[in-house]
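See below for the structure under consideration.
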Amino acid sequence: MAKFELKLPKMGESVAEATITNWLKNVGETIAADEAVLEIATDKVDSEVPSEVSGTLIEILFQVNDVVQVGQTIAIIETEGGSVAAPKTADVAAPIVAEVAKTVEVAKESVAPADFSGSDKFFSPLVKNIAKEEGVSVAELESISGSGKDGRVTKEDILKFVESRKSKVESQPAQTITPVAQPATPSVQPVAQAVPVSVNGGDEIVEMDRMRKLISGYMVASVQTSAHVQSFIEVDVTNIVKWRDRVKGAFEKREGEKLTFTPIMMEAVAKALKDFPGMNISVDGDYIIKKKNINLGMAAALPNGNLIVPVIKNADQLNLVGMAKAVNDLGNRAKAGKLKPDDTQGGTYTVTNVGTFGSVFGTPIINQPQVGILALGAIRKVPAVIETPEGDFIGIRQKMFLSHSYDHRVVDGALGGSFVKRVAEYLEAFDVNREY
């Protein structure tokens with residue numbers, strides 16, 4: 001018999017620890033190679049940890065809700081035969097990362113992290129995220145005595161601090177506060193406040209799931225980070241509707257893929273981003289990062305009501321067939337919970353189809369640290385003035401609204417408006433005789 005040490009694998013450069021959410025195997029149960037042993041969660045992804053060997057689980061070293069550092073041994077598996085060496089963390093990481101199915105939205109490129117750069121101490125992404133949500137300052141975070149390795153602050157440490165701080169505030173009597181001079185620039189950090197909620201016998205209290213909590217935090221952070229402004233434009237897509245109706249059957253028969261409106265829209269957006277590279281950027285503090293590649297995020301609703309944004313890499317290099325395949329593949333795998341971490345990384349601009357739910361237009365929130373997001377409204381038959389050499393007349397046309405939200409810190413109205421106008425021009429100039 002030999003003993004195999006199951007370690008917490010590396011999940012990404014910025015992930016130093018994870019929280020155990022569920023053990024899938026109990027002590028004494030047999031485990032097959034590549035079979036999932038436990039589930040873990042970080043502030044980036046949710047994942048299962050599989051075993052590299054077959055054997056029997058003889059010891060569990062951490063319990064549910066414990067925070068484990070990358071590389072730590074979390075369980076012991078007894079195997080038959082000769083000695084089994086524990087694999088290196090990096091070797092374990094590859095199969096783990098390949099199997100990660102759930103992510104929010106939720107990549108390093110998509111959300112601006114809390115600013116703790118002024119501190120000399122190391123704080124994990126999970127601790128930083130909790131500190132941001134609870135309004136814990138850098139000074140307060142540095143004052144916490146960490147119980148982790150080398151004195152690091154763990155999840156339990158900061159949660160205890162937050163609870164202790166709340167208890168002190170509640171126990172203090174009311175005092176007369178002497179007004180003090182306010183700083184010239186108000187702080188943008190939100191103050192955590194308890195909001196009273198009235199609950200009667202017919203109400204139900206349901207805690208947000210982990211992904212919804214993350215999405216909530218990211219949306220609030222984006223609004224606080226970017227100066228959102230919107231431009232709207234109506235587009236005549238009659239030619240596109242007619243063309244798709246004519247070719248969609250043959251397209252599916254030849255390519256084995258359904259042809260929706262989304263890849264056609266994505267194609268136009270990719271072209272417009274090449275024309276206006278100022279929209280294909282991100283912001284990092286006082287710096288603007290001009291992106292070389294055009295990677296289009298496509299917001300997708302999950303069956304449980306949550307949201308995820310898979311990314312079409314190098315979208316400007318795809319023809320319509322390639323775009324359709326990419327859209328369908330990512331959409332299907334998102335609904336099935338089979339997206340990989342790379343599928344949600346590296347987006348430079350995002351498109352969301354609010355028309356799927358019947359909305360005519362919307363004001364989407366920017367996917368940080370990007371600077372723009374385009375909402376596609378529902379396509380409707382409307383009466384419209386049609387200009388011809390013989391004069392104007394009223395006709396029935398297929399129209400939709402494009403809603404463009406952009407970051408006014410770095411994108412002015414001229415650029416934001418010109419970009420969405422160019423998208424509209426590409427759509428209205430669609431060639432009804434084109435080959436797909």
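Small disclaimer: the values here were computed from a predicted structure and weren't measured. Each residue takes its place number in the sequence, starting with 1.
Atom CZ of Phe361 is surrounded by 12 or fewer heavy atoms from other residues, nucleotides or ligands within 6.0 Å. Counting non-hydrogen atoms of other residues, nucleotides and ligands closer than 6.0 Å to NZ of Lys421 gives a total of 12 or fewer.
Annotation for Ala424 and Val235: closest pair CB-CG2, 3.6 Å, computed over non-hydrogen atoms. Ile77 approaches Ile31 most closely through the heavy-atom pair CD1-CD1, 4.1 Å. Taking all atoms of both residues into account, the shortest heavy-atom contact from Pro310 to Ala300 is CD-CB, 4.4 Å. Closest non-hydrogen pair, Leu259 versus Ala324, comes out as CD1-CB, 4.5 Å. In this structure, Thr30 and Thr56 approach most closely via the heavy-atom pair CG2-OG1, 4.0 Å. The two residues Leu402 and Leu374 make their nearest non-hydrogen contact at CB-CD1, 4.1 Å.
Residues Val67 and Thr19 meet the side-chain proximity criterion, which asks for heavy atoms closer than 4.5 Å. Proximity of Ile58 to Lys3: side-chain heavy atoms (C-beta onward) are separated by under 4.5 Å at one or more points. The shortest distance between side-chain heavy atoms of Tyr406 and Val371 does not fall below 4.5 Å. His228 has its side chain out of reach of Thr363: every pair of non-hydrogen atoms, C-beta onward, lies at least 4.5 Å apart.
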May I have the step-by-step check of side chain to side chain contact (heavy atoms under 4.5 Å, CB included) for Thr262 and Met265, ending in yes or no? CA-CA 5 Å; Thr262 300; Met265 306 295 173; 5.7 Å; no

Go through the steps to decide whether Thr225 and Arg409 satisfy the test side chain to side chain contact (heavy atoms under 4.5 Å, CB included), and finish with yes or no. CA-CA 9 Å; Thr225 299; Arg409 294 179 302 165; 3.9 Å; yes

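Residues meeting the side-chain contact (heavy atoms from CB on, under 4.5 Å) test with Asp66, sequence neighbours left out: Phe62, Gln63.
Listed for the Asn319 side chain is a donor-acceptor partner under 3.5 Å among the backbone atoms of Val321. Proximity of a side-chain donor or acceptor of Ser54 to a complementary backbone N or O of Ala33 within less than 3.5 Å is detected. Not one N or O on the side chain of Thr79 forms a donor-acceptor pair closer than 3.5 Å with the backbone of Gly55. For Thr21 (side chain) and Glu39 (main-chain N/O), a donor-acceptor pair under 3.5 Å exists by modelled atom type.
Comment: Arg165 engages Glu140 in a salt bridge, judged by a side-chain N to carboxylate O separation of less than 4.0 angstrom. Between Glu35 and Lys25, at least one side-chain nitrogen of the basic residue sits less than 4.0 Å from a carboxylate oxygen of the acidic one, meeting the salt-bridge criterion.
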Mind listing the side-chain donor-acceptor pairs of residues 270-277 below 3.5 Å, one per line with the distance, residues two or more places apart or on another chain?
| from | atom 1 | to | atom 2 | distance (Å) |
| --- | --- | --- | --- | --- |
| Asp275 | OD2 | Arg422 | NH1 | 3.1 |
| Asp275 | OD2 | Tyr426 | OH | 2.5 |

